[in-house]
Amino acid sequence: MVDELRLCGASSVSRFRGTKFTAESESEAKADGETASDSESRVEAVTQPPSADDTPEVLNRALSNLSSRWKNWWVRGILTLAMIAFFFIIIYLGPMVLMMIVMCVQIKCFHEIITIGYNVYHSYDLPWFRTLSWYFLLCVNYFFYGETVTDYFFTLVQREEPLRILSKYHRFISFTLYLTGFCMFVLSLVKKHYRLQFYMFGWTHVTLLIVVTQSHLVIHNLFEGMIWFIVPISCVICNDIMAYMFGFFFGRTPLIKLSPKKTWEGFIGGFFATVVFGLLLSYVMSGYRCFVCPVEYNNDTNSFTVDCEPSGLFRLQEYNIPGVIQSIIGWKTVRMYPFQIHSIALSTFASLIGPFGGFFASGFKRAFKIKDFANTIPGHGGIMDRFDCQYLMATFVNVYIASFIRGPNPSKLVQQFLTLRPDQQLHIFNTLKSHLTDKGMLTAATEDK
């Protein structure tokens, strides 16, 4: 009997504490401008309706007799080939078209992520949310593309007076534009929606960090030479395709809970296939100047050119094969481009680390109970579903080039030198002359002459 009384007393206390905790939570929510009904509506809003079948009617009719598994395989395969064909077309059109495509992809990815946020919290009808999101996108793009134009097309910028003024005050203008958006956000705050408006402010800025910043790095990679753009992207595409193929036919062991369809067999098979593909593609592309030369502005023709004397990275060299491998293949040496060695690092990252970009996206979609970012590409989802690994890859390539490839650029130094005042140019000339004379280089050059 005593035990029963103790149990009843304990349950009453727990109910009282639970009631007290609930009341405190509700009072805190009301203090922040939220009510219980608001919280419930937010939770309900997170669940998105299942996406409808977006497969083209022609494919539905042609594949109607197949099971859903094989139907999905054919739909993905056909549309993958179509996307690869489109990729070849834009490569053929040249670097400037590629840059425009990158910007269009960036805008579409930003739209897909922002739309998810808008749909999740649509019932709140936040003031200026979409307007400010697109305004911040404009500001960030103005800053990054302005920095790129100033850095890579310095001569063109200095020759045109309006561009020269914009370049000189570029960062101040960019900061002013952002500050305007920041003030607009503060003025749009409504007492009832304080917390949610700051959620969305953070949502927009994280999206800008993930999408815009990394797409800007894609542009930088492209300026180093189209090979630094095409090979990494192709490695990610190859890994995606081969991991799917190996997983489809041989997959038995689940890889990660975030993506239940991913298997260890697909992961490992995709890795080996991607490394081989990267070596072969690098060998083919390294022999063409249009792929290995950086994009530069030609003052004489007033156009962008891709022509240069290939660096040592893109010249065939002979390498000794380790003794263990010699006994297997019977070769003592092999001729290959040094870039092929770098391609092993690129393809390894694309197949082992790159998929974690996809896992991150899968976790994001699971958090909001959606299957895909959008229904842009039947069988594949949205554009962001196809580029979740590409952005991570672009960041790695940019860091890799800065760490192991890029050196001082004499042409940029000369361009900046020519924009200085005559007295500044003379000072640098005398300093350089004195330095070369001390080293004995200037005297030796004079005697040879």
Legend entry - Exam field: side chain Glu160 to backbone Val157, donor-acceptor pair closer than 3.5 Å: no
Legend entry - For Val306, all residues meeting side-chain contact (heavy atoms from CB on, under 4.5 Å), sequence neighbours excluded: Pro95, Cys293, Val295
Inset, instruction - Evaluate the ring planes of Phe229 and Phe87, with Trp represented by its six-membered ring, and classify them as parallel (under 30°), tilted (30 to 60°) or perpendicular (over 60°). - result: tilted
Inset, instruction - Report yes or no: is the cationic atom of Arg315 (NZ for Lys, CZ for Arg) closer than 6.0 Å to the six-membered ring centre of Tyr337, at no more than 45° off its axis? - result: no
Legend entry - Heavy-atom side-chain proximity of Val218 to Gln214 below 4.5 angstrom: no
Inset, instruction - Decide yes or no for His427 and Gln424: does some side-chain heavy atom of the first lie under 4.5 Å from some side-chain heavy atom of the second? - result: no
Legend entry - Student check: side-chain heavy atoms of Trp134 and Ile107 closer than 4.5 Å: yes
Inset, instruction - Specify whether His216 and Tyr145 have parallel, tilted or perpendicular ring planes, treating 30° as the upper limit for parallel and 60° as the lower limit for perpendicular. - result: perpendicular
Inset, instruction - With sequence neighbours left out, write down each residue that passes salt bridge (charged side-chain N to carboxylate O under 4.0 Å, His left out) with Glu265, or none if nothing qualifies. - result: none
Inset, instruction - Tell me, please, which residues at least two apart from Arg289 pass salt bridge (charged side-chain N to carboxylate O under 4.0 Å, His left out). - result: Asp307, Glu309
Inset, instruction - Kindly say whether Phe144 contributes a backbone atom to a donor-acceptor pair with the side chain of Glu147 at under 3.5 angstrom? - result: no
Legend entry - Plane angle bin for Trp264 and Phe267 - parallel if under 30°, tilted between 30 and 60°, otherwise perpendicular: perpendicular
Inset, instruction - Describe, in one word, how the ring planes of Phe387 and Tyr391 are oriented to each other, choosing from parallel (under 30°), tilted (30 to 60°) and perpendicular (over 60°). - result: tilted
Legend entry - Gln197 side-chain N/O to Val190 backbone N/O, donor-acceptor pair under 3.5 Å: yes
Inset, instruction - Among Phe356, Phe271, Phe396, Tyr400, find the one that has a ring-ring contact (aromatic ring centres under 6.0 Å, His included) with Phe349. - result: Phe396
Legend entry - Check: Leu166 and His170 side chains under 4.5 Å, non-hydrogen atoms: no
Inset, instruction - Count the heavy atoms of every other residue, nucleotide or ligand shown that sit under 6.0 Å from CZ of Phe360, and state whether that count exceeds 12. - result: no
Legend entry - Enclosure of Phe429 CZ (heavy-atom neighbours >12, cutoff 6.0 Å): no
Legend entry - Minimum side-chain heavy-atom gap Phe364-Ile116 below 4.5 Å: yes
Inset, instruction - Count the heavy atoms belonging to other residues, nucleotides or ligands that lie under 6.0 Å from CE of Met83, then report whether that count exceeds 12. - result: yes
Inset, instruction - Mind telling me whether Phe136 and Phe201 have parallel, tilted or perpendicular rings, with 30° and 60° as the class edges? - result: perpendicular
